Amino acid sequence: MRILVLNGPNINFLGIREPEIYGKETYQDLIRETEKAAAELCEPAAGPEGAVRLDFFQSNHEGALVDAIQAAYRKYDGIVINPAAYTHTSIAIADALKAVGIPTVEVHISDVSRREDFRQISYVRPVCLDTVSGEGIPGYAHALRILADHFRTRA
């Protein structure tokens, strides 16, 4: 299973940006913990076919995220996406996800349901399998499990 983990604006500033909301862990911590979770999803007897391979991409630019989603077509089995602020504004990201048809899980480090009114809108949610919100960085592992379960039920 090959998964693209996409992160939008300011995720590269984890640990610096509003640590009372996003925590003190860094973007490198997010990568390390998500890779560890992917390794734990693999069954030892499954061999290379059972491996979960991750690629990470972060950008502060909407078009770069759209380009990454389009480039994922026929290359990735699933996408974990934290569109960050673009969650609430980007029809382009939602359209790109819809166009490629890759099973996707939306992730938010903070609990957006308890935040400002404008954060209650998600343009990507309708094109995703599920949303994980308010679990901090471990939410990425939860998103990987959702994708793994999705693929197991399809097999």
Side-chain angles (χ1 to χ4, degrees), residues 1-43 51-69 71-72 75-98 100 102-152:
M1 183 169 63
R2 191 152 184 209
I3 306 296
L4 177 61
V5 181
L6 288 175
N7 285 286
N10 299 309
I11 301 300
N12 59 315
F13 260 48
L14 285 177
I16 298 167
R17 176 184 178 226
E18 300 176 278
E20 69 281 1
I21 294 174
Y22 299 103
K24 294 184 179 178
E25 293 177 293
T26 67
Y27 182 63
Q28 288 306 313
D29 294 330
L30 181 154
I31 291 172
R32 198 170 19 261
E33 289 185 34
T34 307
E35 286 175 335
K36 181 180 175 196
E40 291 170 359
L41 274 176
C42 299
E43 297 178 31
V52 177
R53 296 180 312 202
L54 302 179
D55 289 319
F56 292 84
F57 181 78
Q58 186 279 327
S59 181
N60 296 319
H61 304 282
E62 181 180 27
L65 293 166
V66 170
D67 289 343
I69 293 165
K75 184 176 178 184
Y76 291 94
D77 301 304
I79 296 174
V80 171
I81 186 168
N82 182 343
Y86 290 133
T87 302
H88 322 293
T89 64
S90 183
I91 295 168
I93 290 173
D95 283 349
L97 290 169
K98 195 183 315 181
V100 298
I102 299 169
T104 301
V105 178
E106 173 187 23
V107 175
H108 299 286
I109 294 168
S110 69
D111 184 352
V112 291
S113 71
R114 295 178 175 222
R115 297 196 53 205
E116 303 91 340
D117 288 345
F118 71 87
R119 293 190 196 276
Q120 306 310 306
I121 297 166
S122 172
Y123 285 103
V124 300
R125 187 164 297 139
V127 298
C128 292
L129 296 173
D130 206 346
T131 298
V132 177
S133 180
E135 296 181 13
I137 288 176
Y140 287 78
H142 186 179
L144 291 176
R145 288 191 303 275
I146 291 168
L147 283 173
D149 289 346
H150 171 75
F151 293 121
R152 264 194 287 278

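None of the values given here were measured: they were computed from a predicted structure.
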A.B. asks: Give me the atom names and distance for the closest heavy-atom approach of V66 to A96.
C.D. replies: CG1-CB, 4.0 Å
A.B. asks: CG/L41 to NZ/K36 distance, rounded to the nearest 0.5 angstrom?
C.D. replies: 12.5 Å
A.B. asks: Out of curiosity, F56 CZ to I3 CD1, how far, rounded to the nearest 0.5 Å?
C.D. replies: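 Result: 10.5 Å between the selected atoms.
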A.B. asks: Going from OG1 on T87 to CG on N82, what distance comes out if it is rounded to the nearest 0.5 angstrom?
C.D. replies: 6.0 Å
A.B. asks: So do V80 and L6 actually touch side chain to side chain, heavy atoms under 4.5 Å?
C.D. replies: no
A.B. asks: If you look at every heavy atom in A72 and I79, which pair is closest and at what distance?
C.D. replies: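 Closest approach of A72 to I79: CB-CD1, 4.4 Å.
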A.B. asks: For D95 and Y123, run side-chain hydrogen bond (donor to acceptor under 3.5 Å, both in side chains): C-alpha distance rounded to whole Å, both residues' side-chain angles, the deciding distance at 0.1 Å, then the answer.
C.D. replies: CA-CA 9 Å; D95 283 349; Y123 285 103; over 6 Å; no
A.B. asks: State which residue, out of L4, V5, I69, fulfils the side-chain contact (heavy atoms from CB on, under 4.5 Å) condition with I81.
C.D. replies: I69
A.B. asks: With a 3.5 Å distance limit and no angle check, can you tell me whether Y86 reaches the backbone of E62 through a side-chain donor-acceptor pair?
C.D. replies: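 Side chain of Y86 to backbone of E62, a donor-acceptor pair under 3.5 Å: yes, one is there.
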A.B. asks: Considering the options N10, N7, N12, which one meets the side chain to side chain donor-acceptor pair (under 3.5 Å) requirement together with Q58?
C.D. replies: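 Among the candidates, only N12 passes.
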A.B. asks: Distance-only, no hydrogens or angles: does the H88 side chain make a donor-acceptor pair with backbone N or O of I121 under 3.5 Å?
C.D. replies: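 Checking the backbone N and O of I121 against the side chain of H88, a donor-acceptor pair under 3.5 Å is found.
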A.B. asks: Any donor-acceptor pair under 3.5 Å linking the side chain of T34 with the backbone of I31?
C.D. replies: no
A.B. asks: Closer than 4.0 angstrom, basic N to acidic O: yes or no for R2 and D55?
C.D. replies: yes
A.B. asks: Has the side chain of T104 got a donor or acceptor atom that lies under 3.5 Å from a matching backbone atom of I102?
C.D. replies: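 Yes, T104 side chain to I102 backbone: donor-acceptor pair under 3.5 Å.
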A.B. asks: For residues S59 and A64, report the shortest heavy-atom separation together with the two atoms involved.
C.D. replies: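 Minimum heavy-atom separation between S59 and A64: OG-CB, 3.3 Å.
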A.B. asks: For A37 and A141, work out which heavy atoms get closest and say how close.
C.D. replies: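 Nearest pair, atom of A37 first, then A141: CB-CB, 3.3 Å.
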